[in-house]
Amino acid sequence: MRLRNNPKAYEIMEENADLVILKPEEHKGHYHDIFEINQPLYIEIGMGKGDFIYQNALKHPENNYIGIEKFPSVLAAAINKINKNQSLPNLKLMHFDAIELENVFENGEIDHLFLNFSDPWPKKRHAKRRLTSSAFLDVYHRLLKKDGVIEFKTDNRGLFEYSLVSFSQYGMTLKGVWLDLHASDFEGNVMTEYEKKFSSKGQVIYRVEAQF
């Protein structure tokens with residue numbers, strides 16, 4: 001979710017060091033040290049303004065959550081938004097690019113991964129940039145614990161179909177597939193900013209849970 005450039009984005013991060021992991025490389029393999037309680041680690045890649053990761057952390061205090069966002073102005077907006085609510089001891093944010101995840105997480109350090117409304121990169125020549133491509137699945141496979149789960153949501157049918165094939169070809173188990181999430185009997189769905197926007201216009205939301 002792109003916003004206009006915020007020249008104070010990095011300043012906002014520095015001022016909120018209690019919420020933002022400023023030097024993630026230094027915590028590789030030791031994220032349990034930055035949370036009050038050592039418990040399962042859930043991360044979201046491309047968290048936008050943070051609604052999804054915040055609500056999950058609020059509803060599930062038994063897990064620790066890290067929201068990752070590569071655009072500094074978007075992360076700054078998330079910080080400001082979260083600061084208007086109650087602070088949560090099981091939630092941290094990080095400014096980083098998913099392509100470099102292995103620089104900040106150790107193998108087997110993550111329990112659960114969320115991919116919500118990722119860039120579809122519709123052109124065939126850009127397929128490797130999709131966050132559900134085999135190249136990224138290689139990384140997730142190493143970083144997730146054994147039997148780790150990926151939850152993926154999108155409004156883009158082409159990306160959804162591509163992702164189902166990618167997961168299947170990689171040998172992952174599809175634990176659940178929802179071709180119209182909001183019209184299904186799925187319970188406990190937490191909506192992202194994009195999801196609220198798209199669903200209000202009658203757009204179909206697709207969801208899949210895949211396990212290594």
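Keep in mind it's a predicted model, so treat the numbers as computed, not measured.
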Student: Could you tell me which non-hydrogen atom of A127 sits nearest to which non-hydrogen atom of S133, and how far apart they are?
Tutor: O-CB, 3.6 Å
Student: Ion pair present between D119 and R130, side-chain N to carboxylate O less than 4.0 angstrom?
Tutor: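 No, no charged N to carboxylate O under 4.0 Å.
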Student: So, E193 side chain and K49 main chain: donor-acceptor pair closer than 3.5 Å or not?
Tutor: yes
Student: List the atom of P72, the atom of A9, and the distance in Å for their closest heavy-atom pair.
Tutor: O-CB, 3.5 Å
Student: If only side-chain N and O atoms count, and only distance matters, is there a donor-acceptor pair under 3.5 Å linking H95 with E69?
Tutor: no
Student: Contact between E44 and N116 at the side-chain level, heavy atoms closer than 4.5 Å - yes or no?
Tutor: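 Sidechains of N116 and E44: in contact.
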Student: Do H141 and Y170 make the cut of ring centroids closer than 6.0 angstrom?
Tutor: yes
Student: Does a side-chain N-to-carboxylate-O contact under 4.0 Å join K28 and E26?
Tutor: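 Answer for the salt bridge query: no.
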Student: For Q39 and N90, does a side-chain donor sit closer than 3.5 Å to a side-chain acceptor?
Tutor: no
Student: Can F160 and V208 be said to form a side chain to side chain contact (heavy atoms under 4.5 Å, CB included), step by step?
Tutor: CA-CA 8 Å; F160 187 69; V208 59; 4.0 Å; yes
Student: Please determine which of K196, K84, K197 meets the salt bridge (Lys or Arg N to Asp or Glu O under 4.0 Å) test together with D51.
Tutor: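 One option only clears the test, and that one is K196.
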Student: Please check if I43 and V149 belong to a single hydrophobic cluster, counting links between Ile, Leu, Val, Met, Phe, Trp and Tyr side chain heavy atoms closer than 4.5 Å.
Tutor: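 No; V149 is not reachable from I43 via cluster members.
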Student: Counting heavy atoms not belonging to I34, are there more than 12 under 6.0 Å from its CD1?
Tutor: yes
Student: Side chains of H27 and V104, heavy atoms from C-beta outward: is any pair under 4.5 Å?
Tutor: no
Student: With no hydrogens and no angle check, do the side chains of N189 and K153 hold a donor and an acceptor under 3.5 Å apart?
Tutor: yes
Student: Tell me whether N64 contacts the main-chain N or O of I37 through its side chain, where contact means a donor paired with an acceptor under 3.5 Å.
Tutor: yes
Student: State yes or no: do L113 and Y54 share one hydrophobic cluster built from I, L, V, M, F, W and Y residues joined by side-chain heavy-atom distances below 4.5 Å, directly or via other members?
Tutor: no
Student: Is the F198 ring parallel, tilted or perpendicular to the Y194 ring (thresholds 30°, 60°)?
Tutor: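 Judged by the thresholds at 30° and 60°, the geometry between F198 and Y194 is parallel.
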Student: Quick check against the 3.5 Å criterion: does S168 have a side-chain atom that pairs as donor or acceptor with the backbone of V165?
Tutor: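 Absent.
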Student: I'd like to know if the side chain of S73 reaches the main chain of N6, judged simply by a donor and an acceptor atom lying under 3.5 Å from each other, with no hydrogens or angles considered.
Tutor: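 It does hold such a pair.
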Student: Answer yes or no: is there a donor N or O on one side and an acceptor on the other, between the side chain of N107 and the main chain of L143, under 3.5 Å?
Tutor: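 No, N107 side chain to L143 backbone: no donor-acceptor pair under 3.5 Å.
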Student: Mind listing the closest non-hydrogen atom pair of P89 and F35 along with its distance?
Tutor: O-CD2, 3.5 Å
Student: Check L101 against F96 and note the closest heavy-atom contact, atom names and distance.
Tutor: N-CE2, 4.4 Å
Student: State, with a plain yes or no, whether a side-chain heavy atom of F52 is found less than 4.5 Å away from one of M191.
Tutor: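 In short, these two side chains do not touch, never coming nearer than 4.5 Å.
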Student: Would you tell me whether H182 and E195 have side-chain atoms, one donor and one acceptor, within less than 3.5 Å of each other?
Tutor: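 Yes, because at least one side-chain N or O of H182 sits under 3.5 Å from a partner of the opposite role on E195.
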Student: Would a distance-only check, ignoring hydrogens and angles, find a side-chain to backbone donor-acceptor pair under 3.5 Å from Y206 to L159?
Tutor: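 Judged by distance alone, no pair lies under 3.5 Å.
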Student: Are F114 and F152 close enough that their ring centres sit under 6.0 Å apart?
Tutor: no
Student: In a check of side-chain contact (heavy atoms from CB on, under 4.5 Å) between I53 and each of L88, T192, V190, L91, which one passes?
Tutor: L91
Student: Answer yes if the side chains of N103 and E25 hold a donor-acceptor pair under 3.5 Å, and no otherwise.
Tutor: no
Student: Do I21 and L93 come within less than 4.5 Å of each other through their side chains, counting heavy atoms only?
Tutor: no
Student: Any side-chain to backbone donor/acceptor pair from S166 onto T132? Under 3.5 Å, distance only.
Tutor: yes
Student: Just say parallel, tilted or perpendicular for the rings of Y65 and H60, cut-offs at 30° and 60°.
Tutor: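 Judged by the thresholds at 30° and 60°, the geometry between Y65 and H60 is tilted.
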Student: Considering only heavy atoms from C-beta outward, does the side chain of L144 approach that of D111 to under 4.5 Å?
Tutor: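 In short, these two side chains do not touch, never coming nearer than 4.5 Å.
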Student: Rounded to the nearest 0.5 Å, how far apart are CD1 of I68 and CE of M94?
Tutor: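 One gets 5.0 Å once the value is rounded to the nearest 0.5 Å.
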Student: Answer with yes or no whether the hydrophobic clustering places L58 together with I79; edges join I, L, V, M, F, W, Y residues whose side-chain heavy atoms lie under 4.5 Å apart.
Tutor: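 In one cluster with L58: I79, yes.
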Student: Is the backbone N or O of Y31 less than 3.5 Å from a side-chain atom of E109, with the two atoms forming a donor-acceptor pair by type?
Tutor: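 Present.
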Student: Which heavy atom of Y140 sits nearest to which heavy atom of I150, and what is that distance?
Tutor: CD1-CD1, 3.6 Å
Student: Are the side chains of I110 and I66 in contact, using a 4.5 Å heavy-atom criterion?
Tutor: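 Of all side-chain heavy-atom pairs linking I110 with I66, none is under 4.5 Å.
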Student: Is any side-chain heavy atom of L137 closer than 4.5 Å to a side-chain heavy atom of M172?
Tutor: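 Side chain of L137 against side chain of M172, heavy atoms only: contact under 4.5 Å found.
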Student: Between K92 and D18, is there a donor-acceptor pair closer than 3.5 Å when you use the side chain of the first and the backbone of the second?
Tutor: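 Checked: pair present.
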Student: Between L174 and L164, is any pair of side-chain heavy atoms under 4.5 Å apart?
Tutor: yes
Student: Is Y162 reaching over with its side chain to a backbone N or O of R157, donor-acceptor style, under 3.5 angstrom?
Tutor: no
